[in-house]
Amino acid sequence: MGHKTRLFTYGTLKQGGRLDGLVNGSNYLGQAQTMQSIYGMINYSNAFPIAYINPLEEHQKYIKGDLYEVSLSTMDYINRMESNADYTPTMVDVTCEGDEYLAIMYVNPMGELHTDSLMKAGTKNNITDEKGVLSWQL
């Protein structure tokens, strides 16, 4: 059995997302949520969400998504794809089914700089905010 790592997904890699085929064969651990409420999220042209670490404390939120245990070869492929799209792998603490895990999550370090223009690019908002928890709807 090869080495594995945990991946927290919140957008197109979530179950039912258009890129969920990239995690096929990975062990789905369940729905998860970040344990730190330091994030913001924007909807880019109704195509995908961009999560970022939000410097504005009054607007910081948790993020809800899916947790997978993936092989290192799968992680390498996803890392190349996400890095080419200006996302940075970040270690995050998540809770899933009552257990706590350390996982990799991809955030965009510049996302908050473009919030106004990116939100205007979409025609609807696929992001829900329930009690300080952001979730991107497929």
Side-chain angles (χ1 to χ4, degrees):
M1 182 170 160
H3 294 290
K4 306 245 181 201
T5 190
R6 290 184 188 93
L7 174 66
F8 175 73
T9 64
Y10 57 85
T12 58
L13 289 168
K14 285 189 340 183
Q15 283 192 329
R18 73 174 187 279
L19 297 177
D20 73 349
L22 298 178
V23 291
N24 271 353
S26 298
N27 184 20
Y28 176 72
L29 299 176
Q31 286 193 341
Q33 177 179 307
T34 60
M35 293 176 67
Q36 291 83 26
S37 63
I38 60 172
Y39 302 100
M41 184 187 290
I42 51 179
N43 179 37
Y44 185 80
S45 293
N46 301 322
F48 55 88
I50 296 174
Y52 58 93
I53 296 174
N54 194 342
L56 303 174
E57 206 169 298
E58 67 273 15
H59 298 293
Q60 294 176 337
K61 311 283 182 164
Y62 299 94
I63 293 188
K64 185 177 180 180
D66 291 336
L67 184 63
Y68 293 91
E69 188 173 63
V70 300
S71 69
L72 294 184
S73 61
T74 297
M75 194 67 234
D76 180 58
Y77 184 81
I78 290 170
N79 187 59
R80 284 185 274 139
M81 178 192 69
E82 297 284 14
S83 296
N84 283 332
D86 294 326
Y87 287 85
T88 301
T90 305
M91 297 304 293
V92 296
D93 293 309
V94 297
T95 182
C96 178
E97 317 247 341
D99 293 320
E100 296 177 7
Y101 298 93
L102 186 61
I104 296 171
M105 172 182 167
Y106 285 88
V107 298
N108 186 307
M110 303 303 283
E112 76 278 4
L113 297 180
H114 307 289
T115 300
D116 291 336
S117 62
L118 289 174
M119 284 299 292
K120 291 175 187 169
T123 58
K124 64 180 181 176
N125 188 1
N126 294 357
I127 298 170
T128 61
D129 182 354
E130 295 181 20
K131 299 179 185 172
V133 179
L134 300 172
S135 180
W136 190 67
Q137 304 303 306
L138 303 171

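This is a predicted model, so every value here is computed, not measured. Numbers here are sequence positions counted from 1.
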Can you name the closest pair of heavy atoms from Leu29 and Cys96 and give their distance? O-SG, 3.4 Å
Rounded distance (nearest 0.5 Å) linking atom CG of Asn43 with atom CG of Asn126: 4.5 Å
In one Ile/Leu/Val/Met/Phe/Trp/Tyr side-chain cluster, 4.5 Å: Val92, Leu13: yes
Indicate, with yes or no, if Tyr62 and Ile53 share a hydrophobic cluster defined by side-chain heavy-atom contacts under 4.5 Å among Ile, Leu, Val, Met, Phe, Trp and Tyr. no
Is there a path from Met81 to Tyr10 through hydrophobic residues (I, L, V, M, F, W, Y) whose side chains come within less than 4.5 Å of each other? yes
If two hydrophobic side chains count as joined below 4.5 Å and joins carry through other members, does Leu72 share a cluster with Leu67? no
Given the rule in the side chain to side chain donor-acceptor pair (under 3.5 Å) test, do Thr90 and Thr88 qualify, once you have shown the distances and angles that lead to the verdict? CA-CA 6 Å; Thr90 305; Thr88 301; 5.9 Å; no
Between Asn84 (side chain) and Arg80 (backbone), is there a donor-acceptor pair under 3.5 Å? yes
Rounded to the nearest 0.5 Å, how far does OG of Ser135 lie from CD of Gln31? 7.5 Å
Verdict with supporting geometry, Lys4 and Asn27, side chain to side chain contact (heavy atoms under 4.5 Å, CB included): CA-CA 10 Å; Lys4 306 245 181 201; Asn27 184 20; over 6 Å; no
Here the pair of heavy atoms bringing Asp20 nearest to Gly16 is OD2-N, 2.9 Å
State whether the side chain of Arg18 and the backbone N or O of Ala47 hold a donor-acceptor pair below 3.5 Å, judged by distance alone. yes
Taking C-beta and beyond as the side chain, do Val70 and Thr5 meet within less than 4.5 Å on heavy atoms? yes
Does the Thr34 side chain pair with the main chain of Ile63, one donor and one acceptor, at a distance under 3.5 Å? yes
Treat each ILVMFWY residue as a node, draw an edge where side-chain heavy atoms are under 4.5 Å apart, and state whether Val133 and Val107 are in one component. no
Closest non-hydrogen atom pair between Pro49 and Gly11, with its separation: CG-CA, 3.6 Å
Could you walk me through whether Asp93 and Gln36 pass the side chain to side chain contact (heavy atoms under 4.5 Å, CB included) check? CA-CA 7 Å; Asp93 293 309; Gln36 291 83 26; 3.2 Å; yes
Within the 4.5 Å heavy-atom criterion, are Leu19 and Ile78 side-chain neighbours or not? no
Does the side chain of Tyr52 reach to within under 4.5 Å of the side chain of Ile42, using non-hydrogen atoms? yes
Can you establish whether the number of heavy atoms outside Tyr77 located under 6.0 Å from its atom OH is more than 12? no
Non-hydrogen side-chain atoms of Lys61 and Asn54 separated by less than 4.5 Å: no
Nearest-0.5 Å distance that lies between atom CG in Asp86 and atom OH in Tyr106: 13.5 Å
What is the minimum heavy-atom distance between Lys14 and Gly65, and which atoms define it? CD-CA, 4.1 Å
Going through the checks in order, is the side chain to side chain contact (heavy atoms under 4.5 Å, CB included) test met by Met75 and Ser26? CA-CA 10 Å; Met75 194 67 234; Ser26 298; over 6 Å; no
How many angstroms lie between atom CG of Asp129 and atom CE of Met41, to the nearest 0.5 angstrom? 10.0 Å
For Arg6 and Tyr101, work out which heavy atoms get closest and say how close. NE-CD2, 3.1 Å
Starting from the C-alpha separation in whole Å, work towards a yes-or-no answer on side chain to side chain contact (heavy atoms under 4.5 Å, CB included) for Ile50 and Tyr87. CA-CA 9 Å; Ile50 296 174; Tyr87 287 85; 3.3 Å; yes
Identify the two heavy atoms, one from Trp136 and one from Thr12, that lie closest to each other, and give their separation to 0.1 Å. CZ3-N, 4.0 Å
Rounded to the nearest 0.5 Å, what's the gap from CD1 on Ile104 to OG1 on Thr9? Could you check? 12.5 Å
